[in-house]
Structure formats: structure tokens, C-alpha cells
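Below: the structure, in C-alpha cells.
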Amino acid sequence: MRYKVKAKDDFAYRDILSALEGRVPIFVASEKRRLLSTGDLPDDCRQEIVSRGGQVSPDFQYDPELKS
């Protein structure tokens with residue numbers, strides 16, 4: 001499963017990105033949109049993202065079970 005991580009501001013974006021690098025796969029990192037596309041996120045990573053000012057949502061665009 002892929003996830004979208006949206007940061008509330010530039011500082012939060014850089015903070016979240018540095019916290020996740022090396023811990024989870026990051027497929028796309030858009031500083032302009034303050035958006036990351038990641039692979040599976042363990043619960044501790046999700047909690048850390050939220051505590052650093054981010055929002056996590058599933059990215060169903062890449063879910064093979066939903067494509068026909």
C-alpha cells in the first residue's frame with residue numbers, strides 16, 4: 001500500500017522527510033507541494049508524521065486490487 005503525506009508548511013515538510021528517509025520507501029518527494037508518496041508506514045512512523053505536522057492518507061491510485 002502507498003500513502004500520501006502532506007505537510008502543513010515547509011519546515012514540517014523538511015522535518016518529516018528527514019525523519020522518514022532510510023526508514024520507509026519514498027517514491028515521490030515534492031517540496032513545492034509539500035507532499036511525499038511513501039510505501040507502507042509502520043504505526044510509529046504515522047504517529048511521528050502527525051506529531052511533526054503532517055497528514056497521512058492512503059493513496060489508492062497505486063492499489064492493484066482496485067484496478068480492473
Side-chain angles (χ1 to χ4, degrees):
M1 180 65 144
R2 282 191 178 191
Y3 293 91
K4 290 181 185 178
V5 176
K6 178 74 173 165
K8 65 179 178 180
D9 56 36
D10 293 338
F11 176 78
Y13 171 81
R14 289 188 294 275
D15 194 32
I16 293 168
L17 180 60
S18 67
L20 294 181
E21 284 180 319
R23 294 174 62 191
V24 298
I26 298 175
F27 302 114
V28 177
S30 174
E31 187 170 1
K32 181 178 179 181
R33 296 173 62 203
R34 298 187 310 260
L35 183 72
L36 301 171
S37 176
T38 70
D40 285 328
L41 289 171
D43 288 336
D44 63 325
C45 285
R46 288 183 202 197
Q47 292 171 359
E48 191 169 355
I49 290 166
V50 171
S51 72
R52 292 173 185 252
Q55 296 177 341
V56 179
S57 60
D59 190 352
F60 295 110
Q61 178 180 353
Y62 296 100
D63 191 344
E65 293 181 11
L66 296 176
K67 292 191 176 191
S68 42

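This structure is a prediction, so every number in the text was calculated from the model and none was measured. One-based numbering along the sequence shown.
- In this structure, CG in Leu17 is found 5.0 Å from CD1 in Ile26, a value given to the nearest 0.5 Å.
- Annotation: Lys6, atom NZ; neighbour count of heavy atoms from other residues, nucleotides and ligands within 6.0 Å is above 12.
- In this structure, CZ on Arg14 lies 13.5 Å from CZ on Arg52, to the nearest 0.5 angstrom.
- The salt bridge (Lys or Arg N to Asp or Glu O under 4.0 Å) check on Asp44 picks up Arg23, with sequence neighbours excluded.
- Of all the heavy atoms in Gly53 and Ile16, the pair that sits closest is C-CD1, 4.2 Å.
- Atom CZ of Phe27 sits in a crowded spot, with more than 12 heavy atoms from other residues, nucleotides or ligands closer than 6.0 Å.
- Both Leu36 and Val56 are part of a single hydrophobic cluster, where members link through side-chain heavy atoms under 4.5 Å apart.
- For the pair Arg2 (side chain) and Ser37 (backbone), a donor-acceptor distance under 3.5 Å is absent.
- Distance CG/Leu20 to CD1/Ile49: 4.5 Å, rounded to 0.5 Å.
- Within the model, atoms CZ of Phe60 and CE of Met1 stand 4.5 Å from one another, a figure rounded to the nearest 0.5 Å.
- Among all heavy-atom pairs drawn from Arg46 and Tyr3, the shortest one is NH2-OH, 2.8 Å.
- Between Ala12 and Ala7, the shortest heavy-atom distance links the atoms C-CB, 3.9 Å.
- Atom NZ of residue Lys32 and atom OH of residue Tyr13 lie 13.0 Å apart, to the nearest 0.5 angstrom.
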